[in-house]
Protein chains: 2
Amino acid sequence: MSISEVKYVEKLRNSGLRPTKQRIKICEVLFNREKTFHFSISDLTKILQNQHNLKISLATVYNTIHAFQKKGYLKEINIGNDMSYFDTNTSSHHHFYDQQTKELIDINSQEVEIKKSPTPPSGKKVDDIEVTFRISKKN
Amino acid sequence: MSISEVKYVEKLRNSGLRPTKQRIKICEVLFNREKTFHFSISDLTKILQNQHNLKISLATVYNTIHAFQKKGYLKEINIGNDMSYFDTNTSSHHHFYDQQTKELIDINSQEVEIKKSPTPPSGKKVDDIEVTFRISKKN
DNA sequence: ACTATAGTTTAGAATTATTATAAAGTATGT
DNA sequence: ACATACTTTATAATAATTCTAAACTATAGT
Ligand SMILES: [Mn+2]
Ligand SMILES: [Mn+2]
Ligand SMILES: [Zn+2]
Ligand SMILES: [Zn+2]
């Protein structure tokens, strides 16, 4: 067992999730990276198959991603209307969204400052503010 | 023909769309209101059936909404990941989104001011900024 | 180590939103 | 009125996601 595998076995155990080989592999693909990772289920399935030669059933990929989301290790992103995206950056943050390449890029919370905010409807409170900067190729 | 029907016949003709009775009725449901209207195809279909006793085929509802979107009369909204929402407010603006009731409420562009904005990736330009204030019931 | 059990994976079926198809119906210019 | 292009419609197809139930496996208790 590699050093990173041991790390995720512990992470899974601490979350009350059994460290199966499928979950450990998915952890490695998702969390063993420098930058945050934005992906669709289809993206992830392709990476598991092509870059790691793993044939994990589609139902398991869905199950695992939803389990991780429930445990707070992933955030669902609402962009585009065809399929769900997930984000390994679970903090409150903002995105550049390239409509041409459909790529999401993180923006640190502190790089956006909102000077003026609207008053929420009466009886309602603001839980989170999400800013999306839609970008495209210059010229 | 009612006064509002005449109005939409003209609007459709000016857009190069034949003013069929289905399109005119959908125009009335969508555009004959004070406030902007946020809806899913399913919402609209229910309103047509229950509140107007119109049985317009689902394919026609989709065709019509997409035609109106292409003409710039509707904007697609990416919120939630199950189905598409559309917005009769086609200007660049922001939203409150109540995650409990799944309701969208418009925020005028001028009610939000962004003090600090991140630099877009090189070769990319910002086309639009969308701010979503996720709200929920207080306490 | 053996076993019982609860948790997990899996293939495949079911569901849901959306899009495609193609035949019947309709608006419009002549 | 007629021809024609556009539109509506029922239905089928597609695609993402969820459900199901049987086989498999991690783990706690013996
Ligand atoms: Mn979405
Ligand atoms: Mn869908
Ligand atoms: Zn992100
Ligand atoms: Zn709006």
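Letters go in sequence order (proteins before strands), and every chain restarts at 1.
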Presence of Gln22(B) side-chain N/O under 4.0 Å of dT26(C) phosphate oxygens OP1/OP2
no

Counting only side-chain nitrogens and oxygens, does His66(A) get under 4.0 Å of the OP1 or OP2 atom of dT17(D)?
no

What is the separation between atom [atom1] on [X] and atom [atom2] on [N], rounded to the nearest whole Å?
X	N	atom1	atom2	value
Ile24(B)	dT8(D)	CD1	P	10 Å
Phe68(A)	dT8(C)	CZ	P	11 Å
Ile65(B)	dT19(C)	CD1	P	12 Å
Lys25(A)	dT10(C)	NZ	P	14 Å
Tyr62(A)	dT8(C)	OH	P	20 Å
Lys55(A)	dG12(C)	NZ	P	15 Å
Asn81(A)	dT16(C)	CG	C1'	15 Å
Leu58(A)	dA11(C)	CG	C1'	11 Å

What protein N or O atoms touch nucleotides 26-30 of chain D N or O atoms at under 3.5 angstrom, if any, and at what distances?
unit_1	atom_1	unit_2	atom_2	d
dA26(D)	N3	Arg18(A)	NH1	3.1
dT27(D)	OP1	Arg13(A)	NE	3.1
dT27(D)	OP1	Arg13(A)	NH2	3.4
dT27(D)	OP2	Arg13(A)	NH2	3.1

How far does OG of Ser136(A) sit from NZ of Lys124(B), to the nearest 0.5 angstrom?
8.5 Å

Could you check whether Asp43(B) pairs with Lys102(B) (Lys NZ or Arg NE/NH1/NH2 to Asp/Glu carboxylate O, under 4.0 Å)?
no

Please determine whether a side-chain nitrogen of the Lys or Arg among Glu28(A) and Lys25(A) lies less than 4.0 Å from a carboxylate oxygen of the Asp or Glu.
yes

Search all heavy atoms of Asn32(A) against all heavy atoms of Ser4(A) and return the closest pair with its distance.
ND2-OG, 3.4 Å

Quick check on DNA chain D: between Ser42(A) and Asn63(A), whose nearest nucleotide comes earlier from the 5' end?
Ser42(A)

Between Ser84(A) and Asn81(B), do the side chains contain an N or O donor and an N or O acceptor separated by less than 3.5 Å?
yes

5′-ward residue of the pair Arg23(A)/Phe86(B) relative to DNA chain C
Arg23(A)

Criterion side-chain hydrogen bond (donor to acceptor under 3.5 Å, both in side chains) against His95(A), the qualifying member of Arg134(A), Glu103(A), Glu130(A), His38(A)
His38(A)

On the ring face of Phe68(B), is Lys11(B) found with NZ or CZ under 6.0 Å from the centre and within 45° of the axis?
no

Met83(B) side-chain proximity, nearest of dA17(C), dT9(D), dA11(C)
dA17(C)

Give one of base, sugar-phosphate or nothing for Ser84(A), where a contact means two heavy atoms less than 4.0 Å apart.
sugar-phosphate

